[in-house]
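First up is the structure itself, then whatever we jot down about it.
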Amino acid sequence: MTEYLDSSPCPQTPASFSDEFITGLNPAQREAVLQPSGPLLVLAGAGSGKTRLITHRIAHLIAGGYARPTDILAVTFTNKAAGEMRERVEQLLAGRDSATGVVLSTFHSFCVRVLRAHITELGRGWTGSFSITDQDDSTRVIKSILKEMGEDDKQAPKAVQSLISGAKNRGENPETYYLSQRKSGRYEQLAAQVFPRYERALLVSNALDFDDLLLRTVELFRSSEKWRSRYHHRFCHVLVDEYQDTNKIQYELIRLLAAGDLALADEPFPSDIWDRRSLCCVGDDFQAIYSFRAADFRIMLGFARDFTGARTIKLEANYRSTEQIVGAANALIAHNKTRLEKTLVSVAGPGSQINHALLEDGEEEARFAAAKISEHIRREPGLKAAILYRTNFLSRAFEEALRRAGLKYQIVGGLGFYERAEIKDIVAYLKLLRNEDDSLALARIINTPARGIGDATLEKLEVTARECGISTWEAVCLALQERTLPKRALTALESFKALIERLRREANHEGVPLPDLIRTVITETGYEASLIKDKSEEAFNRRQNLGELVSAAAAEQGERLDDFLDHAALVSDQDELEGETSPVTLMTIHASKGLEFPLVFVVGLEENLLPHSRSLGAEEEIEEERRLCYVALTRAQKYLYLTEVKERRLYGGCNLSETSRFIKEIPKDLVDANQRLRPAA
DNA sequence: GATTTACGCCTTTTT
DNA sequence: GGCGTAAATC
């Protein structure tokens, strides 16, 4: 585990002025790059060169002598964004300085590193080998707590999980949440009851959920003067990407890093704290589409108030899209009340009109898209297209139509590699090897493959564990000692325990390469044998996936088990979207943020779909849907098609559709509404 | 303890 | 209309 803290405090006076990294930038971008100290908010409109700005700023800080690479922390929301930025900074500095020391990571992986090094000092019982619990597992824990409480509502686990997650991201703890929820709805009351038990369950498992990663890091910095000040002094230059998507905890973390001790008091910071440091937050309130995940773009709107002396720079030149597309997006977003003043101007020049088509039904809509894409590609070979929709179930019809049209496509979303059952199983074994108290991992694999330890046995072990306040693994050891279970169960448990201990010795043995360890786990546990026995095609695929897991471990030369597990927990499907080789990409609008395509279809532009029926309540929700539509439109570079349907089939039934209000908010003169599906050739 | 059948669900989801 | 979970059966 690499530690962050090993360097002396930040310098420094600039060695020499360098204008090397501002050539080719527009005046607003230059201003943002050439501001080496102080708080800076950059409002970066869609397609305004945000990544360019961040990477050039980092390069300038280093090459200009304002900072050493190790003084810089840049946080993003996805591993993909972090990776791309690292690559570009390295290119910019190629041959002279190295960007290797720059800490460029996601909020979550940054926090994991900090916590692996210091979490014991929180004194709450977690150790540095804590497990990371994903959303799926955390819902599972909540489900079992609810079951114990005699609550068997099917929606409850997910609802409660999201309420608890929301509460944690707002900085609430079980006590404050309980007090604030006395008079609220059913799920809220349930959540208030589950919350403390959930927290205890994670602690006993020596596990942290995604929210904890942020929360406990903030807790550590708040409680430990030493680490707060060490990290504050270490990172004099902090950059935050997608600032509109930060939540309260992330904001608190940024404050602690930027201001150190001063962040504890609820007072404005004196301006001299910025003498040798900077905080640069980059975002676009028009693209805030994650409030359902507790992100709060009002944090960004309050930047100037929070950081006195802050400068705000707007990047309003759009290099991506034609005038028509930018015009439509501007007109649409103008209908939102809560937003900062900002008008995107296309510098890409005029293009063709936006196309709007009203089709009979979903099938015709799909055929229309496929036909138009073929037509465009015939005219401009190599053109890349995207089909964007609000909800995943819309993808089906398009897949079918694209297949028939002979167009290759890729779908973003769905099950990621590390979300597949067989991968999660093997990862669960590995987690258990590192952290024996991980009762979630243990529950997952204790009878996978089947080894005669059934639900009844596991249930008894878990009850004992709960009653004694110990982990399930400890309960297994206890049961074996006291012989408190039927003979058959004990025999099965005995050999399970021996298996895990054997594997653990293997894992702790220095010099065993990780791929070999994973191979051993796959074979020794009988996992592979059970897949070989199963003659189905699915079992075959699973074996292939496990092979990929071994290759993934082999690809990272010399990676340790700890790092591999962290990687597996924090990597997402989004990150794997590389090499857009297919001519057509299908995805939700959410997944498309940050991407661009010459040809874009935004489909299903109907009331109840976009805006979604569940968002029709409050005005704020409609505004979020409008921002979602804004994100969709601004993905397009040259050609944009908006489609809707007269009759939409939902869950078997047929529904008459109504044109989305967002279509009506786009000026008519920008739109060619006479698009028809011509009979297929 | 494993296999089958029926029931009930159906927004988005950076980590 | 299709999928995943959960009770019911062998």
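Below, chains carry the letters A, B, ... as their sequence lines are ordered, and counting in each starts from 1.
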* Taking the nucleotide of DNA chain B with the closest heavy atom to each, which residue, Glu242(A) or Ala450(A), is nearer the 5' end? -> Ala450(A)

* Structure fact -> 5'-most contact on DNA chain B (nearest-nucleotide basis), Ile453(A) vs Asn392(A), goes to Ile453(A)

Give the nucleotide from the list [options] with an atom nearest to the side chain of [X].
X: Phe77(A); options: dT15(B), dT14(B), dG1(B); value: dT14(B)
X: Asn79(A); options: dA2(B), dA6(C), dT15(B); value: dT15(B)
X: Lys593(A); options: dT11(B), dA6(C), dT14(B); value: dT14(B)
X: Tyr290(A); options: dT15(B), dT11(B), dT13(B); value: dT13(B)
X: Arg614(A); options: dT13(B), dC10(B), dG2(C); value: dC10(B)
X: Ser615(A); options: dT5(C), dT15(B), dT11(B); value: dT11(B)

In this structure, how many angstroms lie between the [atom2] atom of [N] and the [atom1] atom of [X], rounded?
X: Lys158(A); N: dT5(C); atom1: NZ; atom2: C1'; answer: 12 Å
X: Glu399(A); N: dG1(C); atom1: CD; atom2: C1'; answer: 15 Å
X: Phe210(A); N: dT15(B); atom1: CZ; atom2: P; answer: 8 Å
X: Arg396(A); N: dG1(C); atom1: CZ; atom2: P; answer: 12 Å
X: Asp245(A); N: dT12(B); atom1: CG; atom2: C1'; answer: 13 Å
X: Ile249(A); N: dT15(B); atom1: CD1; atom2: P; answer: 19 Å
X: Asp455(A); N: dA8(C); atom1: CG; atom2: C1'; answer: 14 Å
X: Phe393(A); N: dC10(B); atom1: CZ; atom2: P; answer: 13 Å

Lys/Arg-Asp/Glu bridge criterion (N-O < 4.0 Å) met for [X], [Y]:
X: Arg420(A); Y: Asp425(A); value: no
X: Arg390(A); Y: Glu625(A); value: yes
X: Glu199(A); Y: Lys168(A); value: yes

* To do: Compare the ring of His108(A) with the six-membered ring in the base of dT15(B) and state whether they stack (centres under 5.5 Å, planes under 30°).
  =>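 Aromatic stack with dT15(B) absent for His108(A).
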
* Aromatic-base stack, Phe292(A) on dT12(B), cutoff 5.5 Å, angle under 30 ->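 Per 5.5 Å and 30° rule: yes, stacked.
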
* Give a yes/no answer on whether the side chain of Thr106(A) brings an N or O atom under 4.0 Å of OP1 or OP2 in dT14(B). =>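 No.
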
* Asked: Hey, is the side chain of Asn447(A) poking within less than 4.0 Å of OP1 or OP2 on dA2(B), counting only N and O atoms?
  -> yes

* Please state whether the base of dT11(B) and the side chain of Arg390(A) form at least one donor-acceptor pair under 3.5 Å? => no

* How about Phe77(A) and His108(A): are their ring centroids closer than 6.0 Å? -> no

* **Axial cation check for Phe662(A) ring with Arg626(A), 6.0 Å and 45° limits** =>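 So Arg626(A) doesn't make the cation-pi contact.
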
* Syn/anti state for dT11(B) [syn: chi within 90° of 0] -> syn

* Look only at the side chain of Glu364(A) and the backbone of Glu360(A), and say whether a donor-acceptor pair between them is shorter than 3.5 Å. => yes

